[in-house]
Amino acid sequence: MARTSSVFECTACGARFSQLVGKCGSCKSFGTVEEIRGSLKKGLDRARSAFAQSDYTGPVSLLDVSVSDSGRTPIGLSELDRVLGGGVVPGMVVLLGGEPGIGKSTLLLQWAARVSGQTLYASGEESERQIRIRAQRLGAELPSIHLLAETDVRVILATADQMRPALLLVDSIQTLYDPEFDSGAGSVSQVRGCATLLTRWAKTTGTPLVLVGHVTKDGGLAGPKVLEHLVDTVLSFEGDRHHHHRMLRTLKNRFGAAFELGVFAMTENGLVPAEGNPFFLETEPSPGCAATVVLSGTRPVVVEIQALVASAGLGIPRRTALGIDGQRLAMLCAVAERRGGIQLHDRDVYINVAGGLEIEDPSADLAVVAALTSSATGRLLKHKCIFVGEVGLTGEVRPVSQTQLRMQEAKRLGFESAVIPSPSATNNNMDINCHLEKNVERLRAKLWLEKIVDE
Ligand code: TYD
Ligand code: MG
């Protein structure tokens with residue numbers, strides 16, 4: 001009896017297995033391995049060799065490579081240009097990921113409305129009618145935007161080839177399928193195959209291409225990792241659907257800085273580049289609040305760190321961190337207790353970064369310690385003062401990069417003084433009043449305005 005050979009593939013990472021397994025041996029996720037049918041391998045091999053077959057002329061000398069068309073064109077939406085590294089490069093392939101309802105399709109339409117030339121908008125998610133209604137709301141009802149409600153990647157490519165648009169938009173890569181493959185739309189092999197074909201077309205014709213990608217329930221981009229390797233730029237649309245501002249973050253960029261941050265406000269007329277700084281709201285000073293400047297890509301962002309130290313009931317005291325890493329908070333609590341002289345071992349500690357920003361920059365450490373100390377002692381921190389510095393285990397405050405840039409941003413937002421690590425003083429030509437601090441030990445004595453509650 002002839003055996004049909006089955007192949008099993010992990011939908012999360014694309015690893016292959018000869019039998020069905022509950023846990024993927026490669027990415028360790030459970031329940032993600034699915035069967036794919038036999039003829040798939042042939043199709044995949046064809047797609048893989050697609051690059052190799054096209055007009056192969058052998059290697060060229062670096063100096064013979066033409067760069068004349070590599071100019072960058074700004075789109076005209078300032079925050080989008082910023083995350084792309086200044087604008088669009090011909091043949092650039094962008095992957096735009098984000099939660100449902102965050103504004104991906106809205107951003108595509110607004111982008112299309114600013115292109116001088118024709119745009120082909122292929123949508124497998126919405127009907128032409130829905131897109132037109134949205135375009136009406138956005139003021140983007142333009143004859144240059146051509147809609148194609150289609151999920152067959154071959155049809156999209158044939159249409160694009162005929163039309164030669166100035167921008168190709170695909171919403172979303174997970175809804176596309178290639179009839180040459182057996183597996184269903186959204187499977188690893190389909191996503192990989194369709195993305196390879198589209199990317200190849202964008203590169204050979206020099207057309208910018210935007211692929212919308214779904215995210216998994218823990219926020220990562222859905223589909224194979226190879227998708228992120230294939231494209232030039234990965235943008236992630238983040239933010240709370242209930243908040244009105246949205247953050248567009250660059251996770252990878254072959255044509256500019258990674259970790260760049262763009263901030264938009266979602267209004268009834270679509271996405272509007274955010275004015276000023278949405279993460280810092282000037283409020284009445286209260287104990288437990290400290291401001292800092294973090295760098296997101298090349299952008300300095302002033303954020304407010306809020307701390308609450310409350311007495312713990314029986315049992316193990318809690319350490320709850322929103323917006324900073326939980327391990328880092330545990331470490332900073334220990335440093336604040338041992339070196340900063342505040343008592344935390346029998347208290348619950350909560351930290352929140354106002355505005356919903358996730359901070360990875362360690363320069364916020366000093367502000368966390370200051371906020372903790374302020375909340376634990378019930379004293380106010382110095383008004384209009386900003387705290388910037390990384391804190392080490394011995395309580396030392398370490399210098400951080402780009403102090404000058406950070407101080408300029410703080411100054412622009414009305415801060416009058418700053419607590420920064422000592423060595424930054426060497427190039428102290430900043431027009432903000434800097435207090436230099438070597439160690440968190442001295443924080444407690446220096447920075448209080450008034451004592452409002454008993455310790
Ligand atoms: P959408 O672009 O459809 O999200 P995605 O493609 O990422 O799933 O955005 C939908 C959300 O944006 C929806 O909740 C309504 C809101 N929205 C506005 O607030 N204003 C607008 O002008 C538009 C078009 C959408
Ligand atoms: Mg959408």
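Residue numbers start at 1 and run along the sequence shown.
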* Asked: So, K252 and E228, do they make that salt bridge, N to O below 4.0 Å?
  -> no

* Minimum-distance pair of heavy atoms, taken over all atoms of A371 and L381 -> N-CD1, 4.4 Å

* Which is it for V368 and F387 under the side chain to side chain contact (heavy atoms under 4.5 Å, CB included) test, yes or no, and what are the steps along the way? -> CA-CA 9 Å; V368 173; F387 295 80; over 6 Å; no

* Answer yes or no: is there a side-chain heavy-atom contact under 4.5 Å between V170 and L176? => yes

* To do: Answer yes or no: is there an ion pair linking R246 with E79, defined by an N-O contact shorter than 4.0 Å?
  => no

* Show the numbers, then the answer: is there a side chain to side chain donor-acceptor pair (under 3.5 Å) between S123 and D171? => CA-CA 5 Å; S123 178; D171 191 1; 4.7 Å; no

* To do: Report the distance from atom CG of L357 to atom CG of L261, rounding to the nearest 0.5 Å.
  => 6.5 Å

* Asked: Do the non-hydrogen side-chain atoms of I351 and T320 ever get within less than 4.5 Å of each other?
  -> no

* To do: Give, for atom CG of L235 and atom CD of E260, the distance between the pair rounded to the nearest 0.5 Å.
  => 11.0 Å

* Salt-bridge test for D178 and R154: reply yes if a basic N is under 4.0 Å from a carboxylate O, no otherwise. => yes

* Between T159 and V155, is there a donor-acceptor pair closer than 3.5 Å when you use the side chain of the first and the backbone of the second? -> yes

* State whether R134 and E126 are salt-bridged, where the test is any N-O pair (Lys NZ or Arg NE/NH1/NH2 against Asp/Glu carboxylate O) under 4.0 Å. => yes

* To do: Check whether any side-chain heavy atom of R318 lies under 4.5 Å from a side-chain heavy atom of Y350, and answer yes or no.
  => yes

* Asked: Are E409 and K411 ion-paired here, with the side-chain N under 4.0 Å from a carboxylate O?
  -> no

* **L80 vs L248, side chain to side chain contact (heavy atoms under 4.5 Å, CB included): CA-CA, chis, key distance, verdict** => CA-CA 8 Å; L80 182 58; L248 193 58; 3.7 Å; yes

* Report, as yes or no, whether the 6.0 Å neighbourhood of atom CD on Q136 holds more than 12 heavy atoms from other residues, nucleotides or ligands. => yes

* What are the two closest heavy atoms between A290 and A370, and how far apart are they? -> CB-CB, 4.3 Å

* Asked: Got a sec, which residues hit side-chain hydrogen bond (donor to acceptor under 3.5 Å, both in side chains) with H214, two or more places apart in sequence or on another chain?
  -> E125, S172

* Are S375 and P287 close enough that some pair of their side-chain heavy atoms sits under 4.5 Å apart? -> no

* To do: Answer yes or no: is there an ion pair linking K203 with D232, defined by an N-O contact shorter than 4.0 Å?
  => yes

* Report yes or no: does E337 contribute a side-chain atom to a donor-acceptor pair with the main-chain N or O of L344 at less than 3.5 Å? => yes

* Carefully, step by step, assess L211 and L96 under the rule side chain to side chain contact (heavy atoms under 4.5 Å, CB included). => CA-CA 6 Å; L211 304 172; L96 173 65; over 6 Å; no

* Structure fact -> Between S374 and G288, the two heavy atoms sitting closest are OG-N, 2.7 Å

* Asked: Is a donor on one side and an acceptor on the other found under 3.5 Å between the side chain of R339 and the backbone of G392?
  -> no

* Measure the shortest side-chain to side-chain distance between M92 and L209 over non-hydrogen atoms and say whether it is less than 4.5 angstrom. => no

* Determine yes or no for a side-chain-to-main-chain donor-acceptor pair under 3.5 angstrom, with K104 supplying the side chain and E99 the backbone. => yes

* To do: Could you tell me the separation between the CD1 atom of I359 and the CG atom of L322, rounded to the nearest 0.5 Å?
  => 11.5 Å

* To do: Drop me the distance from T151's OG1 to Y177's OH, to the nearest 0.5 angstrom.
  => 5.0 Å

* Asked: Can any side-chain N or O of T205 pair as donor or acceptor with the backbone N or O of W201 at less than 3.5 Å?
  -> yes

* Structure fact -> When every non-hydrogen atom of A160 is compared with those of P165, the smallest separation belongs to O-CD, 3.4 Å

* Quick one: side-chain hydrogen bond (donor to acceptor under 3.5 Å, both in side chains) partners of T119, sequence neighbours excluded? -> none

* Asked: Considering all heavy atoms of both residues, which atom of L329 and which atom of A321 are nearest to each other, and what is their separation?
  -> CD2-CB, 3.7 Å

* State whether the side chain of R72 and the backbone N or O of G85 hold a donor-acceptor pair below 3.5 Å, judged by distance alone. => yes

* Evaluate the side chain to side chain donor-acceptor pair (under 3.5 Å) criterion for residues T267 and N269: first the C-alpha distance (whole Å), next the side-chain angles of each, then the deciding distance (0.1 Å), finally the verdict. => CA-CA 5 Å; T267 68; N269 302 317; 4.9 Å; no

* **side chain to side chain contact (heavy atoms under 4.5 Å, CB included) between Q110 and L271, intermediate numbers included** => CA-CA 8 Å; Q110 290 187 256; L271 295 158; 3.3 Å; yes

* Structure fact -> OG (S144) and CZ (R114) are apart, to the nearest 0.5 Å, by 12.0 Å

* To do: State, with a plain yes or no, whether a side-chain heavy atom of L157 is found less than 4.5 Å away from one of L197.
  => yes

* Asked: Is the closest side-chain heavy-atom distance between Y121 and L109 below 4.5 Å?
  -> yes

* **Residue pair S363 / R406, side-chain donor-acceptor N/O under 3.5 Å** => yes

* To do: Return the set of residues passing side-chain hydrogen bond (donor to acceptor under 3.5 Å, both in side chains) with Q306 (not counting sequence neighbours), or none when no residue passes.
  => E304, N352

* Contact summary for E9 and R192, nearest pair of heavy atoms -> OE2-NH2, 3.3 Å

* Check whether the side chains of T233 and N253 place a donor and an acceptor atom closer than 3.5 Å, and report yes or no. => yes

* To do: Answer yes or no: is there an ion pair linking E390 with R398, defined by an N-O contact shorter than 4.0 Å?
  => yes

* Quick one: does L405's side chain get under 4.5 Å of L295's, heavy atoms only? -> yes

* Are more than 12 heavy atoms from other residues, nucleotides or ligands located less than 6.0 Å from atom CD of E128? -> yes

* **Straight-line distance of L138 CG to I133 CD1, nearest 0.5 Å** => 12.0 Å

